[in-house]
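What follows is one structure encoded as structure tokens, with my remarks underneath.
Below, each value reflects all heavy atoms present in this structure, side chains not excepted, and no hydrogens, waters or symmetry copies.
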Number of protein chains: 2
Amino acid sequence: MSGFTQASIQDIAKALGVSPSTVSRALKNHPDISEKTCKMVQEYAQKVHYRPNVFALGLKQRRSMTIGIIIPEIIHHFFSSVLSGIEDMAYGKGYRVMICQSNENHIREVINMQALLDHRVDGLIVSVSKSTLDFSHFKKAGDQQVPVVFFDRTCDEIDSDRVVTNDFEGARMVVSHLIKRGCRNILHLAGPQHLNVGRERYNGYVQALRDAGIKPKSNLVIKCDTPSKVEYRRSIILSRAPGIDGVFAVNDFSAAAVMRLLQENGFDIPGNIAVAGFGDDPLASMVRPALTTVEQRGYDMGRESARLLINRLDGNAKKEFQTRIFPAFLKVRESA
Amino acid sequence: MSGFTQASIQDIAKALGVSPSTVSRALKNHPDISEKTCKMVQEYAQKVHYRPNVFALGLKQRRSMTIGIIIPEIIHHFFSSVLSGIEDMAYGKGYRVMICQSNENHIREVINMQALLDHRVDGLIVSVSKSTLDFSHFKKAGDQQVPVVFFDRTCDEIDSDRVVTNDFEGARMVVSHLIKRGCRNILHLAGPQHLNVGRERYNGYVQALRDAGIKPKSNLVIKCDTPSKVEYRRSIILSRAPGIDGVFAVNDFSAAAVMRLLQENGFDIPGNIAVAGFGDDPLASMVRPALTTVEQRGYDMGRESARLLINRLDGNAKKEFQTRIFPAFLKVRESA
DNA sequence: AACTCCAGCGCAAACGATTGCGGAAAATAT
DNA sequence: ATATTTTCCGCAATCGTTTGCGCTGGAGTT
């Protein structure tokens, strides 16, 4: 009710005939303050809907109880899952979050970084954009004593905590599955190789082939990690199509797109060509045939990222940085 | 470079042998300060990477230059598009954003609201959660002089600026299209009727039927607005299926889910049953057959929401509240 | 009676930036 | 030469909260 203006500690102090310091202490049950006073203050504070001023707090304590997050694109189910995990853990520990999207754009990432640092976030959780090759903006965070946790797409140049999926093993598993199903000539729609995820998934693909005594062929690897790139490369994909019996795409979006492309051109999935993706996006179960893919535990990864960061912020983290590797799970559906 | 600690205005003042007030004014080219001093201060500030302290600023100016955003679920493409629109407009006008998800949960929405108010956002842009029936938390924003703009899912009880799609017309168009294609018995998977979007789309559906002289049947309207609800209601949907020749779902997710369900049970889309959705999610073009749907201009709606809000914040808005209605566009693909 | 001790509270200085007002020096006018 | 205006800058208060330190009065000790 109380209407317009937010009550401050001084307002409460004045109204109750005590000093601001007493109010401040009473609100946190400081032992110096008598029980009676505590109760009186707290009740009055409640009545006038007192809420601490975060600006004054931040100014005084030199911390914001806020975690900054930079992710490439929030629209991907994996990233939103991670986000939920981070939020839940953070809220539970009294932290808030501030979310920025880089839109896979390096410049935007740098701007976001600055904005978050300007807002004096206590720590950062980041998954780097595809177009980021220079990591100096992350070092700036280190300079300002702001710890960074990288998840999924990490930055090797910077010593930090990391939370990743076992991309290698996930890729190896799903490609092995394709081989077990009888595939011999498996096309890989690869992600950027300067990103750990792209590299690891590629490596897992190669490993699975080797395990089965199949020689990897470089013309069966195409850099192509979005639906629009699938469209852009349709002619080369279609030129390979007659000679292949399987596709492993670096993510579900490309997998769905290539599946559609192949279907439109008369190939039966999985009859002629089996298709597998990576990530288990909700999309995977909505397309036809439903997509065989690799499940990542995004939510748990988010929680763990936040846990690692907050431990460090609260000073109860080991000095050495850690890398948490989450298992990947093969999710067999209809497409392979 | 400069290492650990962020330089403050006082640090600069001390280093340059001037007063903090001079530095403050020099940094914004105040006419009281000589050109020479301005240049000196600005150059030094640049050198030490001076960045204003948002806490001090917020405390003094009693505004944060930050817009709070509450949306149901960021994972929906529509909402992320709106988000991008808001961000672009806001950044362009010197505002930052703080994003919260309600996850369609009323409690969470209330908490988010309080968190944003605690952070002293200057204004709010909100799309209300499905489970919100009580709007008192929004009134609290009004009490604190924090203007709110509602988009898409509005709140009728509160006088405010609004930005919406012409849901009625969109629904009418797409259902008319179904009818033109020959559909007579069209199932509607409806959203919650306490939300304007659910209601308007339903009304558009009814209007299209009436326009064609078809009598709406209540047993052809099922409340069902997510894939999991489609699953949950599969038996009733399938019991209706033999008698229908079209489906209009309140969003693309449900449309895709129902399409799969029907296909799995031997119905050909669009041969036996035509299916249409709403929203033009990227999903729509990835499923088979590609989904006929209604396009909403999410990005533009985001920009407009931010524009309306910022105009009000900057004091150059008319007193009366406005409602901006964005057109919807029929997007015909393969499913209908 | 004089002492110590402690519970309970207030003073005042931060944190970093802004801004109205006043004042010294320099420039201009008389 | 003095008077007047400009130019340029500093003082100090302010935003709301925290916190080290000091003060008071009453209870307990000797």
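- Legend: residues meeting salt bridge (charged side-chain N to carboxylate O under 4.0 Å, His left out) with B:Asp152, ordered by chain and number and at least two apart, are absent.
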Would you please test B:Phe150 and B:Phe138 for ring pair (Phe, Tyr, Trp, His ring centres under 6.0 Å) and show each step? CA-CA 10 Å; B:Phe150 289 98; B:Phe138 294 131; 5.1 Å; yes

With the sugar-phosphate defined as primed atoms, P, OP1 and OP2, and the base as all remaining atoms, what B/S/- string results for nucleotides 16-28 of chain C, 5' to 3', for protein heavy atoms under 4.0 Å? BBBBB--------

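- Distance CG (B:Leu16) to C1' (D:dC9): 14 Å, rounded to an integer number of Å.
- Taking 4.5 Å as the limit, some side-chain heavy atom of B:Lys93 sits within range of a side-chain heavy atom of B:Met89.
- The CD1 atom of A:Ile75 lies 7.0 Å from the OG atom of A:Ser80; values are rounded to the nearest 0.5 Å.
- Among the atoms of the strands shown, none is found under 4.0 Å from any heavy atom of B:Val23.
- Of the inter-residue distances, the one linking A:Gln322 atom CD with A:Ser160 atom OG reads 11.5 Å to the nearest 0.5 angstrom.
- Using the six-membered ring where Trp is involved, B:His137 and B:His106 have ring planes that are perpendicular, over 60° apart on the 30 and 60° scheme.
- Counting all heavy atoms, side chain and backbone alike, B:Leu124 lies closest to B:Ala141 at CD1-CB, 3.9 Å.
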Show the distances under 3.5 angstrom between N or O atoms of the protein and N or O atoms of nucleotides 23-27 of chain D.
none

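- Using bins of under 30°, 30° to 60° and over 60° for the plane-to-plane angle, the ring pair A:Phe79/A:Phe151 lands in the perpendicular bin.
- Counting to the nearest Å, the P atom of D:dC9 and the NZ atom of B:Lys14 are 20 Å from each other.
- Rounded to an integer number of Å, the gap from A:His30 NE2 to D:dT17 P is 17 Å.
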